[in-house]
Amino acid sequence: MNNVSATEAKFDVHEVGTIVAVRECIVKVKGLPSCINGQIVEFEHGGKGIVLGFNEEEVQVLVLNTKTSLHVGEKILSKGEFLHLPVGDKFVGRIVNGLCEPVDNDGPIEADAHFPVFTDAPASWIAHP
């Protein structure tokens, strides 16, 4: 028998939903009960989307990129992650898409860091005279 310590065990936590409607760059999904706005989802055949809204029945997802056309019945995966984009000086002068992926055929861009797109608002201080 092989002993595996808790620090060696790796697992993914995710939810799987199903596309129920496709309207150009917005898809409606059922089966993602724990999603929240700004969360990233991955499409079954490649590509990503971002949760824009939801109600008790379904989730609205903006398609950010996809490798194929999307169809009703396809699966969508949510790992509970938020959108982080690469940043750094090497992006200056380059042409990138909305996900900071290069589109100018000059090769990949090495990022200095990844910053979240959605952050908490800074604390506001009330000045008392």
Side-chain angles (χ1 to χ4, degrees):
M1 184 167 163
N2 204 355
N3 292 331
V4 177
S5 72
T7 58
E8 294 175 0
K10 295 191 186 235
F11 59 93
D12 284 331
V13 176
H14 62 271
E15 292 179 334
V16 178
T18 305
I19 296 175
V20 295
V22 179
R23 302 277 188 264
E24 295 187 25
C25 62
I26 302 285
V27 296
K28 290 186 178 181
V29 179
K30 288 195 178 205
L32 299 177
S34 301
C35 75
I36 57 176
N37 286 335
Q39 192 171 354
I40 290 296
V41 294
E42 297 176 8
F43 301 111
E44 180 177 7
H45 299 292
K48 293 182 180 181
I50 188 166
V51 174
L52 289 183
F54 56 90
N55 60 34
E56 292 178 8
E57 300 295 320
E58 61 191 16
V59 177
Q60 293 179 4
V61 174
L62 172 67
V63 178
L64 298 175
N65 67 355
T66 183
K67 297 181 191 243
T68 64
S69 59
L70 300 171
H71 302 283
V72 171
E74 290 182 0
K75 300 298 180 198
I76 190 167
L77 175 70
S78 171
K79 296 181 181 178
E81 299 171 351
F82 291 92
L83 182 59
H84 287 73
L85 295 178
V87 296
D89 290 336
K90 294 182 179 142
F91 283 89
V92 175
R94 297 291 304 271
I95 301 171
V96 298
N97 64 16
L99 293 175
C100 296
E101 299 167 334
V103 294
D104 56 8
N105 295 323
D106 283 343
I109 304 170
E110 185 178 332
D112 296 333
H114 285 77
F115 283 4
V117 172
F118 302 104
T119 60
D120 293 332
S124 60
W125 298 93
I126 301 173
H128 295 284

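Numbers for residues simply follow the sequence, beginning at 1.
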Tracing side-chain links under 4.5 Å among I, L, V, M, F, W and Y, which residues wind up in one group with Val16? Leu77

For Asp104, the salt bridge (Lys or Arg N to Asp or Glu O under 4.0 Å) test, sequence neighbours excluded, returns Arg94

Results of side-chain hydrogen bond (donor to acceptor under 3.5 Å, both in side chains) for His71 - residues two or more places apart only: Ser69

For Cys100, what residues pass the side chain to side chain contact (heavy atoms under 4.5 Å, CB included) criterion, not counting sequence neighbours? Leu85, Pro86, Phe91

Check step by step if side-chain contact (heavy atoms from CB on, under 4.5 Å) holds for Leu52 and Ile26. CA-CA 9 Å; Leu52 289 183; Ile26 302 285; 4.0 Å; yes

Excluding sequence neighbours, so at least two apart, what forms side-chain hydrogen bond (donor to acceptor under 3.5 Å, both in side chains) with Asn97? Glu101

Please tell me whether Val61 and Leu70 are part of a single hydrophobic cluster in this structure, the criterion being side-chain heavy atoms less than 4.5 Å apart. yes

Testing the basics here: between Asp112 and Gly88, what is the closest heavy-atom pair and its distance to 0.1 Å? OD2-CA, 3.2 Å

So which atom in Val59 and which in Cys35 form the shortest heavy-atom distance, rounded to 0.1 Å? CG2-SG, 3.4 Å

Val117, Asn37, Leu62 screened by side chain to side chain contact (heavy atoms under 4.5 Å, CB included) with Ile50, the one that passes: Leu62

Ile40 CD1 to Glu81 CD distance, which is reported to the nearest 0.5 Å: 8.5 Å

Among all residues two or more places apart in sequence or in another chain, which pass the side chain to side chain contact (heavy atoms under 4.5 Å, CB included) test with Pro33? Glu15

Answer whether the closest heavy-atom distance between the side chains of Phe43 and Val27 falls below 4.5 Å. yes

Report the hydrophobic cluster partners of Phe82, with the cluster defined as I, L, V, M, F, W, Y residues connected by side-chain heavy atoms closer than 4.5 angstrom, directly or transitively. Ile36

Around atom CG of Asp89, are there more than 12 heavy atoms of other residues, nucleotides or ligands at under 6.0 Å? no

Would you compute the distance between atom CG of Leu99 and atom CG of Leu64 and round it to the nearest 0.5 angstrom? 5.0 Å

Heavy-atom pair of closest approach, residues Ser78 and Leu32: CB-CD2, 4.0 Å

Are the side chains of Val22 and Val63 in contact, using a 4.5 Å heavy-atom criterion? no

How close do Val41 and Ile76 get, heavy atom to heavy atom, and via which atoms? CG2-CD1, 3.5 Å

Sorted by first residue and then second, give each salt bridge (charged side-chain N to carboxylate O under 4.0 Å, His left out) pair with at least one member in residues 26-53; sequence neighbours left out. Lys28-Glu58

Please write out which residues are connected to Val103 in a hydrophobic cluster, directly or through intermediates, given that two of Ile, Leu, Val, Met, Phe, Trp, Tyr count as joined at side-chain heavy-atom separations below 4.5 angstrom. Ile95

Among residues at least two apart in sequence or on other chains, which ones pass side chain to side chain contact (heavy atoms under 4.5 Å, CB included) with Ala113? Val87, Phe115

Partners meeting side chain to side chain contact (heavy atoms under 4.5 Å, CB included) with Val92 (sequence neighbours left out): none

All side-chain hydrogen bond (donor to acceptor under 3.5 Å, both in side chains) counterparts of Thr18, not counting sequence neighbours: Lys75

